Amino acid sequence: MAKITYIEFDGTEHVVDVKSGLSVMEGAVKNNIPGIDADCGGACACATCHVYVDEAWRDKTGSMSAMEESMLDFAENVETNSRLSCQIKVSDELDGLVVRMPESQH
Amino acid sequence: MGETAGHVVILGAGHAGGTAAALLRQYGYTGHITLIGEEPIPPYQRPPLSKAWLKGEANADDLTLKPVEFYAESKIDFRPNLKGVQIDRKDKRVTLSDGSVILYDTLILATGARPIALPLPGADLEGVLFLRTAADAEALKAQVGPGKRLAVVGGGYIGLEVAASGRALGAEVVVLERENRLLARVACEALSEFFKGYHESKGVQFELGCSVTGFVGENGHITGVLLESGRIVPCDAAVVGVGVRPNDEIAREAGLSVGRGVLVDLDARTSDPDIYAIGDVTERPMPHYGDRMFRPESVPSALEQAKQAAAAICARPRPAPEVPWNWSDQYDLKLQIAGLPFDADDLLIRGDPATGKFAVFHLKGDVVQSVESINSPPEFMMGKQLIASKKPVSREKLADPTISMKEVAA
Ligand SMILES: Cc1cc2nc3c(=O)[nH]c(=O)nc-3n(C[C@H](O)[C@H](O)[C@H](O)COP(=O)(O)OP(=O)(O)OC[C@H]3O[C@@H](n4cnc5c(N)ncnc54)[C@H](O)[C@@H]3O)c2cc1C
Ligand code: FES
């Protein structure tokens, strides 16, 4: 279980408990938090689950697969701390994680 | 918020209907929401049923859109095991399968589609299966495993995914297809050839250009698929995947405009301003392709229409049109398709199919209409942007995989 803070583009914060084993994307979708579309449901095929990971959490969220890196390379508004949230698995380690949403996923 | 409290009734608790209910709350809708679904479980995702779930890499919880508590917590009256049977548009009410009647201010039809059945002898044998619902998927999963022989009738995406998952589980798989190539309705020949070769290398057998005329069995259970030639392809189970038909009868009977599905506009509105329709049941505009209407049968389209309807109901601005897209996972292949090959006059292959990494671009003049990419995210992502912008590209550059997609699009 991890407490995760999702911050919408307009600054609205949502703090929820997410079960270990789910992805950061699922944590948002299952709690009906706006800002993450996740068209492909986590298949790493759509890049509509784009988030910015707060600096302090960059290491703990792990490294990217070639597929994720390649998808993000072509997504819009990408920053050095961009990730596809469906590719970050939640664990106790991520308790306190903060992610921010881009203005749009499409 | 431009909306006043009212009652939105959603018929069909699938991917589209479940998403629309959740979005209405996200957008601040404060009226009543009733979500009526024929299936016994809350809305879930179907794509994994032929992919990760079938292979045992995802569990049932992973498939649900929202946990079951979500509906009560969000004041969405979710009513499973219930069907809408008749719409009375004059009095704005729907008769349900339990005989009760429900009144609506706004109705959303999200009844999806159902597999086309083959009215052939033996089709009612045990082991002749379809794949649309979680229950169908459970039945299929029980039939695939080491040493089991699975016949897949229909070489479309779902059939091929089932074949790949079947192989992963150790089953012997044969795909029977009426056309002379796989994916005949949905993909170009280069892709058909590629998938055939790849599946063969994984041990799948193909019978193309063959007509299935029935199923044979013993003690009520299937033992083989009968072909027109008289030959019997032996199997322990057969899964029929020859396409779907929209559940649009209820709309037709209510006098709504229906073509190849319930006709809607870019607000997902039907010919009745108080009735919306979303997802597989609709035939919808494709704004990137002029006045084209199409029935995409895909999750991204269902989600886009759920947004359109929820936005219209909550008087929010209409969302910007999205480029249609889709994906498929088979073995270690990720297929991503953007756009539709409407009006394309040429196709161009970027990369070498033999490497398992390539993309097929469909062009109208120098403008990309659609792209089918295998293990090539840059081609998919950039292709999608080029489809939206209609920006002409240099064919020479596009055909040269050593030139990056960023440069091609620059
Ligand atoms: C095995 C499989 C794999 C797929 N893979 C992909 C993929 O990789 N990518 C992709 O984009 N798409 C894929 N699809 C298609 C995708 O699942 C559909 O496009 C999507 O489910 C459409 O959502 P929907 O809500 O319109 O329809 P559905 O999800 O079918 O939901 C409709 C619901 O309405 C119910 N219903 C019907 N009539 C009534 C009534 N009168 N009253 C009440 N309820 C009713 C039905 O029982 C059903 O639960 C796949 C589909 C299947 C079956
Ligand atoms: S949900 Fe599609 S890439 Fe993350």
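Worth saying up front: this structure is predicted, and the values here are computed from it rather than measured. Throughout, protein chains are lettered first and strands after them, A, B, ... in sequence-line order, and every chain is numbered starting at 1.
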| Does A:Lys30 reach the main-chain N or O of B:Thr64 with its side chain, forming a donor-acceptor pair under 3.5 Å? | yes
Cut-off 4.5 Å, heavy atoms of chain A, and the answer for B:Asp61 is both
When the 4.5 angstrom heavy-atom criterion is applied to B:Gln45 and chain A, the contacting part is side chain
Cut-off 4.5 Å, heavy atoms of chain A, and the answer for B:Pro300 is both
Note to self: Can you confirm whether more than 12 heavy atoms, excluding those of B:Lys75, are under 6.0 Å from its NZ atom?
What the structure shows: no
Looking only at B:Asp329, B:Asp62, B:Leu23, the option with the highest number of non-hydrogen pairs under 4.5 Å against chain A is B:Asp62
If one checks every heavy atom of B:Leu303 against chain A at 4.5 Å, the contacting part turns out to be side chain
Against chain B, residues from residues 45-74 of chain A with at least one heavy atom under 4.5 Å, in numeric order, are A:Ala45, A:Cys46, A:Ala47, A:Met67, A:Ser70, A:Met71, A:Asp73, A:Phe74
With chain B, the option among A:Ala43, A:Ala75, A:Gly41 that has the most non-hydrogen atom pairs under 4.5 Å is A:Ala43
In this structure, SG of A:Cys40 is separated from CD of B:Gln336 (nearest 0.5 Å) by 8.5 Å
If one checks every heavy atom of B:Glu73 against chain A at 4.5 Å, the contacting part turns out to be neither
Of the listed B:Pro377, B:Ala58, B:Pro67, B:Pro48, the one with the largest count of heavy-atom pairs under 4.5 Å with chain A is B:Pro377
Quiz item: Would the number of heavy atoms belonging to other residues, nucleotides or ligands and lying under 6.0 Å from NE2 of A:His14 be above 12?
Solution: yes
Greatest number of non-hydrogen atom pairs under 4.5 angstrom with chain A, of B:Glu304, B:Lys307, B:Met405, falls to B:Lys307
Applying a strict 4.5 Å limit to non-hydrogen atoms, the region of B:Lys51 in contact with chain A is neither
If you tally heavy-atom pairs under 4.5 Å between each of B:Lys384, B:Gln385, B:His15, B:Arg25 and chain A, the highest tally belongs to B:Gln385
Most contact-rich option vs chain A, by heavy-atom pairs under 4.5 angstrom, among B:Pro319, B:Pro378, B:Ala338, is B:Pro378
In short, A:Asp39 meets B:Val299 closest at the heavy-atom pair O-CG1, 3.4 Å
So, the part of B:Asn326 with a heavy atom under 4.5 Å from chain A: the answer is neither
Between B:Lys66 and A:Asn32 the two heavy atoms that sit nearest each other are NZ-OD1, 3.6 Å
